[in-house]
Amino acid sequence: MSAAASTEPKLRVNDATKVYSTRSGDLLAIDRCSLSVKAGEIVSIVGPSGCGKTTLLWSMSGLHKLTSGEVLLDGAPVTGPSPEIGMVFQDANLLPWRNLDANIRFPFEIKGTRPDRVWIDELLNRVGLEGFGGRMPRELSGGMQQRAALVRALSFKPSVLLMDEPFGALDAFTREEMNRLVEEIWLDRPTTIVLITHSIDEAIFLSDRIVVMSPRPGRVANIHEVPFPRPRSLEIMSTKDVFDLTNSIKLEIVGKQQSRYARTSAIAPAQAAS
Ligand code: ADP
Ligand code: MG
């Protein structure tokens, strides 16, 4: 590999803009978002609800087209779903009538390709689901279902993993367990990961960098480096540096929302008087 090729980002988003056409008119969801993710890097995206995080992630995955701008994977435009890109959503999306094994096989059946059984067994082992292949989704806890979704996403050996609030529906302890699991999997085999999360703790625990988006239309408002060594122990996560970073990110997100509310309430009395 040439030196130039090795410095090429794994994933690059250039001026991504997405306008949704809705019944009440055009809606600008994201506006000229640019972002580079290096191979093996974990980047989190945080921002107020509705600011366009999912829109941005779907564009990265090729699940929908941008209005303008582009997404490049290894320098080539992403124009549709690719086996190079694995996705995990907030809901595990397991088919309720298929057992766990058959759920993991499902995307291979659709594509008409043969799953790598050894790799999948290794993944199932890794996430502690060995021996659960015959269980139906309803027999699995939320955390187990999400672990199965992670196995399904990694079963293709994607070089990029995109996760949209993957642990948002789990209780706090299960969520921390899942964070440690993702860290372990990543330490074994560093994959490029982009993670959307509402949890700043989760973002700091897992990420090399954290992208803060502005309220809609979503723009990249700030990018924070997360300099803490891995694995990120409880001791590291309890330091003042982590506390300070958490607070400044929170302020960037909530501060913007507050200023929006402040504006609203500032004009309210004048409107009431008129
Ligand atoms: P986030 O993930 O940050 O909560 P989304 O990307 O889901 O934000 O949504 C950004 C904005 O785009 C929101 O106002 C949402 O209502 C709107 N939106 C999302 N998907 C669609 C769609 N398919 N059609 C129309 N509007 C959409
Ligand atoms: Mg979303």
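Counting starts at 1 for both ligands and their atoms, in listed order.
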Flag: protein heavy atom within less than 4.0 Å of atom 16 (O) of ligand 1:
no

message: Are Ile210 and Ile249 packed together at the side-chain level, in the sense that at least one heavy-atom pair is separated by less than 4.5 angstrom?
response: yes

Can you check whether Met163 reaches Ile196 side chain to side chain, under 4.5 Å on heavy atoms?
no

Listing protein N, O or S under 2.8 Å around the Mg ion (ligand 2) gives Thr54 OG1

Validate the cation-pi geometry between Lys111 and Phe106: distance from NZ or CZ to the six-membered ring centre under 6.0 Å, angle to the ring axis within 45°. no

Margin query: Please say yes or no: joined through hydrophobic side-chain contacts below 4.5 Å, possibly via intermediate residues, are Leu187 and Ile42 part of one cluster?
Written below: yes

- prompt: Are any of the protein's heavy atoms under 4.0 angstrom from atom 19 (C) of ligand 1, yes or no?
  reply: yes

Check this for me: does any side-chain nitrogen of one of Asp208 and Arg230 sit under 4.0 Å from a carboxylate oxygen of the other? yes

for atom 8 (O) of ligand 1, nearest protein heavy atom and its distance come out as Gly52 N, 3.1 Å

Looking only at heavy atoms, the pair that brings Met60 and Ile85 closest together is O-CD1, 3.6 Å

By side-chain contact (heavy atoms from CB on, under 4.5 Å), Arg180 pairs with (sequence neighbours left out) Glu176, Glu177, Phe205

Does either side chain, that of Ser34 or that of Asn14, offer a donor lying less than 3.5 Å from an acceptor on the other one? no

For Ser59 and Thr55, the nearest pair of non-hydrogen atoms, with its separation, is OG-O, 2.7 Å

task = Decide whether an N or O pair under 3.5 Å exists between Leu27 and ligand 1.
result = no

If you scan protein heavy atoms around atom 13 (C) of ligand 1, the nearest is Gly50 O, 3.8 Å

Here the atoms of ligand 1 under 4.0 Å from any heavy atom belonging to Ala29 are 12 (O)

Are the side chain of Lys53 and the backbone of His198 linked by a donor-acceptor contact shorter than 3.5 Å? no

*Side chain to side chain, Lys157 and Asp116, heavy atoms closer than 4.5 Å*: yes

If you scan protein heavy atoms around atom 7 (O) of ligand 1, the nearest is Thr54 CB, 3.7 Å

closest protein heavy atom to atom 23 (N) of ligand 1 is Tyr20 CE2, 3.6 Å

Ligand 1 to Arg216, heavy atom cutoff 4.0 Å, flagged ligand atoms 11 (C), 14 (O)

Ranked by distance from atom 9 (O) of ligand 1, the top protein heavy atom is Thr55 OG1, 3.9 Å

In ligand 1, the atoms that come under 4.0 Å of a heavy atom of Thr22 are 25 (C)

